[in-house]
Trainee: 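Quick one: the structure is below, questions incoming.
Since we're looking at a predicted model, the values are computed, not measured.
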Amino acid sequence: MNVQTPHSLHAAALGDPPPHVDTAYLTLENLSVAFNGTPAVHGISLSVSKGEALGLVGESGSGKSVTWLATLGLLSGRATVAGRALLNRRDLLRLPEARMAEVRGRQIAMIF
């Protein structure tokens, strides 16, 4: 697992794809989220290979839940999400809702 998060989910090298993109099961590339123009997550990049587990730990309000809600397409319409969230090289952020409903819970899930 490779996680680039120096502080509060700010990526170390914005725009640089994380290592192991070609072999990773899940890759977030420069994922950013804003609510009504106010940034909440600033360019997080990480990759997780099959068989690995990932837990994000941080203080309240640092963007942990927002990162995964964005990845799963579960944020409200007032959220603006940028970057890429690749699951088996398929960008979840570009999938229609019907296809995301098939992916959620079967291929990717969030545990609070």
Trainee: Please report the closest heavy-atom contact between Ala85 and Asp91, naming both atoms and the distance.
Mentor: N-OD1, 3.2 Å

Trainee: Quick one: pull up CG in Leu26 and CD in Gln107 and give me the separation to the nearest 0.5 Å.
Mentor: 11.5 Å

Trainee: Indicate yes or no: at least one non-hydrogen side-chain atom of Trp68 is less than 4.5 angstrom from one of Leu28.
Mentor: yes

Trainee: Quick one: closest heavy-atom pair of Glu59 and Lys64, and the distance?
Mentor: O-NZ, 3.0 Å

Trainee: What heavy-atom pair brings Gly73 and Met100 nearest, and what distance separates the two atoms?
Mentor: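 Smallest heavy-atom distance, with atoms named: N-CE, 4.3 Å.
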
Trainee: Atom OG in Ser76, atom CG in Asn36: separation rounded to 0.5 Å?
Mentor: 8.0 Å

Trainee: Is it true that a side-chain atom of Arg99 and a backbone atom of Leu95 form a donor plus acceptor pair closer than 3.5 Å?
Mentor: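 No, because the side chain of Arg99 does not come within donor-acceptor range (under 3.5 Å) of the backbone of Leu95.
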
Trainee: Could you state the interatomic distance from CG (Leu54) to OG (Ser47), rounded to the nearest 0.5 Å?
Mentor: 9.5 Å

Trainee: At their closest point, which heavy atom of Leu86 faces which heavy atom of Arg84, and how far apart are they?
Mentor: CD1-NH2, 3.4 Å

Trainee: In terms of side-chain geometry, is the basic nitrogen of Arg104 or Glu97 positioned less than 4.0 Å from the acidic oxygen of its partner?
Mentor: yes

Trainee: Donor-acceptor check, side chain of Thr67 to backbone of Gly63, threshold 3.5 angstrom: yes or no?
Mentor: yes

Trainee: Less than 4.5 Å apart, any side-chain heavy atom of Ile108 and any of Tyr25?
Mentor: no

Trainee: Does some side-chain heavy atom of Thr71 sit less than 4.5 Å from a side-chain heavy atom of Leu31?
Mentor: yes

Trainee: For His42 and Ser32, work out which heavy atoms get closest and say how close.
Mentor: C-OG, 3.9 Å

Trainee: Look up atom CD1 in Ile44 and atom CD in Glu29, then write down how far apart they are to the nearest 0.5 Å.
Mentor: 12.5 Å

Trainee: Any idea which heavy atoms bring Leu72 and Ala109 closest together, and the distance?
Mentor: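 Closest pair (atom of Leu72, atom of Ala109, distance): CD1-C, 4.4 Å.
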
Trainee: Which distance, rounded to the nearest 0.5 Å, do you find between the OG of Ser65 and the CG of Leu75?
Mentor: 10.0 Å

Trainee: So Leu92 and Val103, do their side chains get closer than 4.5 Å, heavy atoms only?
Mentor: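 Yes, close enough: below the 4.5 Å cut-off.
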
